[in-house]
Amino acid sequence: MTEPQTQAASHGAGSATSAEIASQPGLWPRAVEVGVSATALQHELTRGPTLYVGCGSTAHLARALAFAHRRSLPTFAWSEAASEIWLASDPQSPRAHTVVAVSRSGETTETIEACRRAGRLGSTLMAVTASPNSPLSEMCTESVVVDFASEESVVQTRSFTSMLLASLAAQLTAAGSNASAVFEGISEMGEEVIKAAPDMTEQLADLSLESVFVLGSGLNGQLAPEAALKIKEMSATFAEGFPVLDFRHGPISLADQRTAALVLCGTSLAHELAVAADIEACGARVFTVGPDPRCSIETPRGASEVSTAVACLIVSQLAGLRRGLAKGLDPDAPLGVHAHVELNPTTGQTPLGEDTRQGTGVLADTYEQQ
């Protein structure tokens with residue numbers, strides 16, 4: 001397994017995250033097989049409208065899954081932040097036949113409360129998680145579990161990509177496609193991206209850069225906010241993700257010599273490279289990843305769009321890691337960020353003095369949102 005070139009010592013800052021990022025390509029075939037074998041989820045995805053929910057990183061994952069669902073399956077799908085279903089649910093929103101709740105820990109209060117509400121309305125609950133026997137798994141009809149991808153560090157890296165791959169493989173299988181064939185060669189692609197990334201990530205670690213934007217279209221566009229979140233979390237840097245063409249509609253006003261843009265290229269290459277050129281003309285540093293020799297990192301041109309999108313996430317993970325280390329931070333444990341958030345559902349407060357990484361927060365199971 002190729003180790004990413006980082007400044008992390010074997011037991012120093014960022015060492016857990018560094019190892020977890022590097023381990024991803026070896027885990028991805030297992031994640032695909034989990035999704036191919038998830039027959040209960042596959043059945044539910046074809047039965048009626050499907051709502052994908054999550055919080056933080058998994059809210060981004062839910063958005064990407066809803067997008068991919070609509071492209072491969074005949075049933076309608078959409079996504080919502082679990083917290084908004086809990087706090088501000090729209091009574092006119094569509095009724096979901098199936099709710100797919102994505103949560104690494106299976107203990108996030110907002111996701112559990114959203115599922116409680118959906119269950120009372122008659123939706124079938126399915127979980128995608130890295131934690132078996134969690135409160136979320138216990139309340140769902142079936143769980144798709146990638147516990148082999150759980151992490152020691154706070155930031156989601158390999159659990160995110162493994163949950164994404166398992167879910168995509170389940171969707172493709174439900175649609176009658178050969179998911180194993182679609183994702184053939186994804187491990188090798190991930191390894192090649194890791195090998196090619198050090199020069200780019202070193203440049204992104206330049207502390208004269210104050211902000212980073214991540215752009216993409218299609219599935220890359222859905223995942224761009226997650227890619228930006230990795231940089232934001234691990235390096236305390238202002239980072240945002242946008243659909244690539246939307247960047248011209250206002251955000252480009254922020255592009256200057258203190259700005260970097262990471263463009264994740266896919267099937268709209270001409271448009272993506274044109275936007276990259278416009279940003280570069282504003283004085284910003286621009287980096288591109290995609291299936292073209294003009295890209296800073298070239299991915300295999302014969303690979304599927306979904307494989308390329310998953311592999312591209314490694315670049316942003318490594319960029320966040322490298323930049324965090326350059327700033328003297330510990331990417332394993334970003335300040336103020338927890339592996340999951342448990343709240344008192346009545347007050348909305350995090351239990352004071354308790355370590356939410358260890359799952360010791362209070363969850364009032366008797367509380368029912370009206």
Side-chain angles (χ1 to χ4, degrees), residues 3-24 27 54-61 83 102-111 129-131 134 146-164 194 197 201-202 204-205 207 209-212 214 225-241 313-343 349-363:
E3 294 289 336
Q5 300 300 307
T6 73
Q7 300 170 14
S10 58
H11 299 289
S15 59
T17 303
S18 177
E20 288 156 3
I21 293 172
S23 71
Q24 290 176 100
L27 299 178
C55 291
S57 283
T58 55
H60 300 319
L61 204 162
S83 59
V102 190
S103 172
R104 172 176 61 175
S105 68
E107 298 182 32
T108 301
T109 301
E110 299 98 307
T111 302
T129 182
S131 301
S134 65
V146 292
D147 51 346
F148 51 82
S150 62
E151 292 126 343
E152 175 187 343
S153 55
V154 170
V155 175
Q156 291 191 42
T157 54
R158 68 185 184 188
S159 65
F160 184 95
T161 57
S162 294
M163 289 189 292
L164 175 60
I194 289 174
T201 56
E202 182 178 0
L204 284 166
L207 298 187
L209 296 172
E210 298 177 2
S211 58
V212 180
V214 184
E226 167 63 14
L229 181 60
K230 296 306 97 174
I231 297 170
K232 187 182 300 183
E233 288 177 316
M234 286 192 264
S235 69
T237 297
F238 178 82
E240 295 293 335
L313 286 172
I314 287 183
V315 177
S316 62
Q317 295 170 356
L318 290 172
L321 173 68
R322 185 67 178 269
R323 187 169 173 84
L325 292 170
K327 294 178 75 171
L329 303 174
D330 183 3
D332 289 348
L335 185 64
V337 181
H338 299 285
H340 70 278
V341 175
E342 290 187 57
L343 305 173
Q349 295 177 330
T350 302
L352 297 177
E354 296 185 354
D355 183 0
T356 57
R357 282 192 69 188
Q358 302 304 316
T360 55
V362 174
L363 182 63

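Quick note: numbers below take in every heavy atom, side chains included, and nothing from hydrogens, waters or symmetry partners.
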Checklist entry - Can you list the residues that meet the side-chain contact (heavy atoms from CB on, under 4.5 Å) rule with F238, with sequence neighbours excluded? => result S211, F213, E240

Checklist entry - T58 side chain to V102 main-chain N or O, any donor-acceptor pair under 3.5 Å? => result yes

Checklist entry - Within the distance-only criterion (no hydrogens, no angle test), does the side chain of T111 pair as donor or acceptor with the backbone N or O of G54 below 3.5 angstrom? => result no

Checklist outcome for this item: CD1 (I21) and CG (L318) are apart, to the nearest 0.5 Å, by 5.0 Å

Item to check | Residue among D332, T157, D330 satisfying side chain to side chain donor-acceptor pair (under 3.5 Å) with T17 | outcome: D332

Item to check | Side chains of T161 and Q317 in contact at under 4.5 Å (non-hydrogen atoms) | outcome: yes

Checklist entry - Among all residues two or more places apart in sequence or in another chain, which pass the side-chain contact (heavy atoms from CB on, under 4.5 Å) test with A239? => result V212, A228, I231, K232

Checklist outcome for this item: For C55 and T108 the tightest heavy-atom approach is SG-CG2, 4.0 Å

Checklist entry - Who are the side-chain hydrogen bond (donor to acceptor under 3.5 Å, both in side chains) partners of S159, not counting sequence neighbours? => result E151

Checklist entry - So, for S162 and L27, which heavy atoms are closest and what is the spacing to 0.1 Å? => result OG-CB, 4.4 Å

Checklist entry - Can you name the salt bridge (Lys or Arg N to Asp or Glu O under 4.0 Å) partners of E20, sequence neighbours left out? => result none

Item to check | With sequence neighbours excluded, residues passing side-chain hydrogen bond (donor to acceptor under 3.5 Å, both in side chains) with S57 | outcome: E226, K230

Next on the checklist: Under the rule for side-chain contact (heavy atoms from CB on, under 4.5 Å), what residues qualify as partners of L209, not counting sequence neighbours?
Outcome noted: D206, A260, R285, R323

Next on the checklist: Give me the atom names and distance for the closest heavy-atom approach of A326 to A205.
Outcome noted: CB-O, 3.8 Å

Checklist entry - Between Q156 and L61, is a side-chain contact (heavy atoms from CB on, under 4.5 Å) present by the stated rule, with each step listed? => result CA-CA 11 Å; Q156 291 191 42; L61 204 162; 5.6 Å; no

Item to check | Result of checking V154, L321, L229 against M234 for side chain to side chain contact (heavy atoms under 4.5 Å, CB included) | outcome: L321

Checklist entry - Which pair of non-hydrogen atoms, one from G320 and one from S235, has the smallest distance, and what is that distance? => result O-CB, 3.8 Å

Next on the checklist: If you compare all heavy atoms of S153 against all heavy atoms of R104, which two are closest, and at what distance to 0.1 Å?
Outcome noted: O-NH1, 3.7 Å

Checklist outcome for this item: Closest heavy-atom pair, K327 versus T237, reported as atoms and distance to 0.1 Å, is NZ-OG1, 3.7 Å

